[in-house]
Amino acid sequence: MAVAMLNTLDHCEAWAEAIRSHAPELDLRIWPEIGNAEEITHAVVCHPEVGALKQLPNLKAMHSLWAGIDHVTKDPEMPWSVPLIRMVDHSLSQGMKDYVTGHVYRYHLMMPVFEALQAVKIWNQSVPPLVEERAVGVMGIGVLGADIAKQLAGLGFKTSGWARSKKDIPGVTCYAGSGEMEAFLSGLDILVLLLPNTPETADIINRESLAMLPKGAAIVNAGRGTLIDDDALIEAIDSGHISGATLDVFKTEPLPEDHPYWTHPNVVITPHVAAETRISTASQVIVKNIRHLDGGGAIAGIEGVVNADAGY
Ligand code: NDP
Ligand code: OXD
């Protein structure tokens with residue numbers, strides 16, 4: 001029994017060192033030096049080489065270093081019959097809460113308005129509303145989104161959330177499915193996107209859904225770039241229907257130099273840093289999950305097992 005690291009992107013040596021430090025008993029091998037592929041029972045994955053996973057015939061599980069799994073599922077030969085576990089980790093959740101809360105407050109406190117006024121030296125005492133008068137909606141209320149919705153509700157915002165299935169989150173008005181999308185969007189001042197990249201969520205923010213938002217609404221996208229029809233968003237901002245957007249994720253990353261987002265005055269760009277998987281804590285999650293499975297524990301006892309039918 002051995003564990004293979006198939007990590008072409010993310011500080012592979014540092015991850016291996018951290019995993020070894022928490023679990024010296026593991027026979028950890030780094031792709032492509034994995035020896036006999038039949039001995040590999042766990043794959044720790046971050047942007048694995050296309051076609052690599054299917055060469056491991058005895059996998060019990062694939063452990064993603066990221067919460068999103070599109071960096072694994074983009075491999076058309078990825079073995080869907082093997083459980084794929086996405087990263088669920090306190091540090092990831094805390095980082096995302098910090099990011100989203102900060103950027104929601106920026107819009108709530110009307111900072112883009114005051115920054116524009118400062119640029120032309122205008123003293124205009126427009127007063128922001130109180131939090132209880134500000135409606136914030138989180139699209140995607142899974143592990144990260146639900147945590148954020150709870151935090152925003154705790155801070156006093158009028159908070160709502162939208163998912164595939166109906167949720168019951170104290171203090172949060174929950175909507176579900178395409179039938180309730182308009183009811184959800186039509187009441188918002190600030191929309192936070194935390195959906196995964198799936199065929200169903202592709203360009204979910206498009207001309208039609210943007211039109212459902214009230215005039216002046218702002219958008220914070222920390223989910224995936226695939227969620228937004230970029231032309232439609234730029235059009236909506238230019239027309240004044242959407243007041244601004246904070247974007248952490250993009251269809252192409254790094255964002256190409258000639259992309260209009262870079263220079264748009266009402267767009268704030270962060271380079272996919274909303275929530276980083278921290279090696280110190282996430283390596284312990286991986287070790288815990290491997291030990292659970294190797295000790296005979298059921299896959300159902302692990303948080304973050306991907307639903308292969310839903311694709312996230
Ligand atoms: P989860 O799988 O826990 O949550 C996903 C949520 O999206 C669920 O509420 C799910 O609904 C909902 N959803 C999925 N498909 C649809 C659909 N078609 N219609 C409506 N709702 C849908 O994921 P996490 O919360 O852990 O992570 C969310 C995403 O955040 C990741 O997939 C990743 O893309 C992104 N991310 C970005 C980071 C960054 O640094 N920018 C860092 C980490 C993650 P239901 O609850 O009903 O299943
Ligand atoms: C993730 C990410 O999915 O960092 O974890 O985007």
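All ligand and atom numbering here is 1-based and tracks the order in the structure.
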For the 3.5 Å polar cut-off, considering only N or O atoms, please tell me whether Trp162 and ligand 1 meet it. no
Numbering the atoms of ligand 2 from 1, which are under 4.0 Å from a heavy atom of Gly68? 1 (C), 3 (O), 5 (O)
Ligand-residue contact atoms, ligand 1 with Ala67, heavy atoms, under 4.0 Å: 43 (C), 44 (C)
Taking atom types as modelled, find out whether Tyr312 and Thr201 have a side-chain donor-acceptor pair closer than 3.5 angstrom. no
Taking atom types as modelled, find out whether Ser160 and Thr173 have a side-chain donor-acceptor pair closer than 3.5 angstrom. no
For the OH atom of Tyr261 and the CD1 atom of Ile228, what is their distance to the nearest 0.5 Å? 5.0 Å
Closest to atom 38 (C) of ligand 1 (heavy atoms only, candidates His71, Met96, Glu180) is Met96
Taking atom types as modelled, is there a side-chain donor on Lys74 or His47 under 3.5 Å from an acceptor on the other? yes
Tell me, which protein residue and heavy-atom name are nearest atom 46 (O) of ligand 1, and how many Å apart are they? Lys167 NZ, 2.5 Å
Measure the acute angle between the ring planes of Phe157 and His108, then classify it against the limits of 30° and 60° as parallel, tilted or perpendicular. perpendicular
Quick one: look at Asp248 and ligand 1, take heavy-atom pairs under 4.0 Å, and tell me if it's side chain, backbone, both or neither. side chain
Can Met139 be said to touch ligand 1, with heavy atoms closer than 4.0 Å? no
Looking only at protein heavy atoms, which one is nearest to atom 42 (C) of ligand 1, and what is the separation? Ala275 O, 3.4 Å
Does a side-chain heavy-atom distance below 4.5 Å link Glu49 with Trp31? yes
Ignoring angles and geometry beyond distance, decide whether Ser165 reaches within less than 3.5 Å of ligand 1 through its nitrogen or oxygen atoms. yes
Going by distance alone, is a donor N or O of one side chain under 3.5 Å from an acceptor N or O of the other, for Gln94 and Asp98? yes
If you compare all heavy atoms of Asp189 against all heavy atoms of Glu133, which two are closest, and at what distance to 0.1 Å? OD2-O, 3.8 Å
Leu65 and Met62: same hydrophobic cluster, using ILVMFWY side-chain contacts below 4.5 Å? no
Looking only at protein heavy atoms, identify the closest one to atom 37 (C) of ligand 1 and say how far it is in Å. Ala222 O, 3.0 Å
Quick one: nearest non-hydrogen protein atom to atom 16 (C) of ligand 1, plus distance? Arg164 CD, 3.7 Å
Could you tell me whether Gly140 and ligand 1 have an N or O pair separated by under 3.5 Å? no
For Arg224, is at least one N or O under 3.5 Å away from an N or O on ligand 2? yes
Atom 27 (O) of ligand 1 sits nearest the protein heavy atom Leu144 CD1, 3.5 Å
Does any N or O of ligand 1 fall below 3.5 Å from an N or O anywhere on Leu194, backbone included? no
Flag yes if Val268 and Trp262 sit in one hydrophobic cluster, no otherwise; membership is Ile, Leu, Val, Met, Phe, Trp, Tyr, and two members link when side-chain heavy atoms are under 4.5 Å apart. no
Among protein heavy atoms, which lies nearest atom 18 (N) of ligand 1, and at what distance? Glu200 CB, 3.6 Å
Under 4.0 Å, heavy atoms only, figure out whether ligand 1 is touched by the backbone of Glu276, its side chain, both or neither. neither
One residue to check: Val249. Relative to ligand 1, which of side chain, backbone, both or neither has a non-hydrogen atom less than 4.0 Å away? side chain
Counting both backbone and side chain atoms, is some N or O of Val143 under 3.5 Å from an N or O of ligand 1? yes
Atom 33 (C) of ligand 1: closest protein heavy atom, distance to 0.1 Å, is Arg224 NH1, 3.6 Å
Looking only at N/O atoms, are Leu92 and ligand 1 under 3.5 Å apart anywhere? no
May I ask whether Lys166 places a heavy atom under 4.0 Å from ligand 1? no
Considering non-hydrogen atoms of the protein only, which is the closest contact for atom 5 (O) of ligand 2, and what is the distance? Ala67 N, 2.8 Å
Contact atoms of ligand 2, heavy-atom distance to Ala275 under 4.0 Å: 4 (O)
Tell me which one of Pro196, Ala163, Gly142 gets a heavy atom nearest to atom 7 (O) of ligand 1. Pro196
Does the N or O separation between Arg86 and ligand 1 drop below 3.5 Å for any pair? yes
So for ligand 1, is Tyr312 a polar contact partner (N or O within less than 3.5 Å, distance only)? yes
the protein heavy atom lying closest to atom 2 (C) of ligand 2 turns out to be His272 NE2, 3.4 Å
Find out whether His264 and Ile237 are in side-chain contact, i.e. whether some heavy atom of one side chain is under 4.5 Å from a heavy atom of the other. yes
Could you find the nearest protein heavy atom to atom 12 (C) of ligand 1 and give me its residue, atom name and distance? Leu195 CD2, 3.7 Å
Tell me yes or no: between the side chains of Asn197 and Asp70, is some donor less than 3.5 Å from an acceptor? yes
